[in-house]
Each structure stands twice: as structure tokens, then as C-alpha cells.
Trainee: 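What follows is a structure written as C-alpha cells; I'll ask about it next.
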Amino acid sequence: HLTPDLSAETEFAAEQMLYQAGHRSRINLPLIAGERVIGSLNLTSRRVGAFTPAHLPALSQIANAVAIAIENTRLFEAEQARREELGALYGLSRDLADLNDSEAILNLVAYRAVETIRLTFARLALCEGDAFVVRAAHPARLLGRDLRVGHREPIALHPFCARILT
């Protein structure tokens, strides 16, 4: 959006704030990555008429370059996160293969879930008869009696689980 004279568009809050701050013209260009608008490039000047339609081609190219850079960074960060997750899963599977004690296995899974996925708390409960029994939790601090290791909770209190188990 090209606004060569902000005094003509002060009915909009953003333009009014810019005008009051001494800006007199502006141009907004969308940042487009693929089919998505991911942001906008907003440029202002203290001079009326600083932006004209002649500026659009060059500024559009700049906006496109910015959008590509942002999208590439997002994709790179997503790939890095995926690699970290896969590495953590591989490490967990390798460590689990070395364990033969169910309590140690459950404690390791709870610990790694919190540390790897950056959770606040993890607990593992196993079906024992008609109840879930908490067998591992991390961190192992008391967060209430229903979260501590050894706590029994009737499966009937969890309708979704009860439907799956019956």
C-alpha cells in the first residue's frame, strides 16, 4: 500500500500515529513466501511524496528477498529441530536397549521426555487391574498427591482410556 501523503489518511489509527510522529509518507509491501503472506515491509519518510509507484518494482524485489530469507531461516531452524529430535530418539532407543529393569526404563523415558521436548513434567502410569498406577515421574518433586509415583487412579475416571481398554 502506497501512501504518498499521510495527512490524507489520518482516519486510520496506524497512519495517525505515524503522522503525529512526524512521518509524512509510507509504503507497505507484503512479505510472501510461497502462497503465504508472512509479514510486511513497512517504510516511512518524513517527506511528503517520498514514495511513488516508480519505487514499487525495486522495493518489491527487496520485500521478496526478505521473505525468502525469512522462510529459508524458518526451514533451516525446523530442520535443525527435527535433527535434534531424531538424535534424541536414537539416543533414547540406544539407552533403552541397555536396560532390563522396567522401573529404570520408565524413569529414563520420563526424564528424557522432559529434557528433550522441554516439558514441565512427565508421568507414566501403567494399567494394573482396574486402575492406572503412576510408575515414573520427572521431575520427582511432589506436585500433588495424584501425580506422585505409586498413586492409583481408577481407569473409570478416564472415559477415553476406558473405551480403548474395553
Side-chain angles (χ1 to χ4, degrees), residues 1 3 12-18 20-21 23 26-44 58-166:
H1 180 74
T3 309
F12 300 108
E15 285 80 359
Q16 187 175 31
M17 287 187 330
L18 287 171
Q20 289 172 352
H23 301 273
R26 73 160 180 138
I27 188 167
N28 292 338
L29 298 136
L31 300 177
I32 300 171
E35 300 293 317
R36 295 179 310 119
V37 174
I38 62 169
S40 66
L41 174 61
N42 304 304
L43 306 171
T44 65
L59 292 175
S60 292
Q61 287 180 342
I62 292 170
N64 290 339
V66 169
I68 289 168
I70 291 169
E71 184 65 8
N72 286 345
T73 300
R74 187 194 65 76
L75 292 171
F76 178 77
E77 290 171 352
E79 180 59 28
Q80 289 295 103
R82 180 157 169 71
R83 284 182 189 202
E84 288 176 18
E85 290 170 0
L86 290 173
L89 286 172
Y90 175 73
L92 176 61
S93 66
R94 196 177 60 235
D95 291 345
L96 287 173
D98 293 338
L99 297 175
N100 56 11
D101 171 29
S102 63
E103 183 179 334
I105 289 169
L106 294 174
N107 284 324
L108 179 63
V109 169
Y111 170 79
R112 290 281 183 88
V114 169
E115 298 302 317
T116 304
I117 307 171
R118 296 171 188 91
L119 302 173
T120 303
F121 183 76
R123 104 180 164 158
L124 286 119
L126 300 178
C127 294
E128 295 181 15
D130 64 348
F132 284 119
V133 180
V134 177
R135 292 296 172 203
H138 185 79
R141 63 179 182 258
L142 291 179
L143 295 175
R145 69 176 181 78
D146 61 330
L147 297 174
R148 72 178 185 276
V149 174
H151 175 73
R152 298 181 66 82
E153 221 167 71
I155 291 173
L157 293 177
H158 302 275
F160 176 75
C161 293
R163 283 194 307 270
I164 291 173
L165 295 171
T166 56

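Note that the coordinates shown come from a computational prediction; the quantities given were computed from them, not determined experimentally. Throughout, numbering of the chain's residues begins at 1 and tracks the sequence.
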Trainee: Could you measure the distance from the CD atom of E84 to the CD atom of E79? Nearest 0.5 Å is fine.
Mentor: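 It is 11.0 Å, given to the nearest 0.5 Å.
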Trainee: For L106 and L126, run side-chain contact (heavy atoms from CB on, under 4.5 Å): C-alpha distance rounded to whole Å, both residues' side-chain angles, the deciding distance at 0.1 Å, then the answer.
Mentor: CA-CA 10 Å; L106 294 174; L126 300 178; 3.8 Å; yes
Trainee: Is it true that E85 and R82 have a side-chain N and a carboxylate O under 4.0 angstrom from each other?
Mentor: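 Looking at R82 together with E85, the answer is no, because their closest N to O distance does not fall below 4.0 Å.
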Trainee: How far does CD1 of I38 sit from CD1 of I68, to the nearest 0.5 angstrom?
Mentor: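 Answer for the CD1-CD1 pair, I38 versus I68, is 9.5 Å.
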Trainee: Could you grab the distance from atom OG of S40 to atom CD1 of I27, nearest 0.5 Å is fine?
Mentor: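 That separation rounds to 11.5 Å.
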Trainee: Measure the CD-CZ distance between E128 and R152 for me, rounded to the nearest 0.5 Å.
Mentor: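 Separation between the atoms: 6.0 Å.
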Trainee: Are side-chain heavy atoms of L29 and V66 found at a separation under 4.5 Å?
Mentor: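 Side chain of L29 against side chain of V66, heavy atoms only: no contact under 4.5 Å found.
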Trainee: Within the 4.5 Å heavy-atom criterion, are F121 and V114 side-chain neighbours or not?
Mentor: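 Sidechains of V114 and F121: no contact.
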Trainee: Kindly write out the residues that satisfy side chain to side chain contact (heavy atoms under 4.5 Å, CB included) with N64, not counting sequence neighbours, or none if the list is empty.
Mentor: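 Checked N64 against side chain to side chain contact (heavy atoms under 4.5 Å, CB included); zero matches.
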Trainee: So Q80 and R83, do their side chains get closer than 4.5 Å, heavy atoms only?
Mentor: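 Sidechains of Q80 and R83: in contact.
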Trainee: Would you say L124 and R135 make side-chain contact, with heavy atoms under 4.5 Å?
Mentor: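 No, too far: nothing below the 4.5 Å cut-off.
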Trainee: Taking all atoms of both residues into account, what is the closest heavy-atom pair of A137 and A110, and its distance?
Mentor: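 Where A137 meets A110 most closely, the heavy atoms are C-CB, 4.2 Å.
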Trainee: Can you find a heavy atom in the side chain of R112 that is under 4.5 Å from one in the side chain of H138?
Mentor: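 The answer is no, as the side chains (C-beta and beyond) never meet within the 4.5 Å cut-off.
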Trainee: Where is the tightest heavy-atom contact between A67 and I32, given as atom of each residue plus distance?
Mentor: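 Closest heavy-atom pair between A67 and I32: CB-O, 3.3 Å.
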Trainee: State the CG-NE2 distance between L43 and H23, to the nearest 0.5 angstrom.
Mentor: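 Going from the CG atom of L43 to the NE2 atom of H23 covers 11.5 Å.
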Trainee: Decide yes or no for N42 and N28: does some side-chain heavy atom of the first lie under 4.5 Å from some side-chain heavy atom of the second?
Mentor: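 Yes, their side chains come closer than 4.5 Å.
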Trainee: Starting at CG of L31, measure out to CD1 of I62 and round the result to the nearest 0.5 Å.
Mentor: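 One finds 11.5 Å between CG of L31 and CD1 of I62.
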Trainee: For the residue pair V133 and G150, what are the closest heavy atoms and their distance?
Mentor: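 Heavy-atom minimum between the residues: CG1-O, 4.0 Å.
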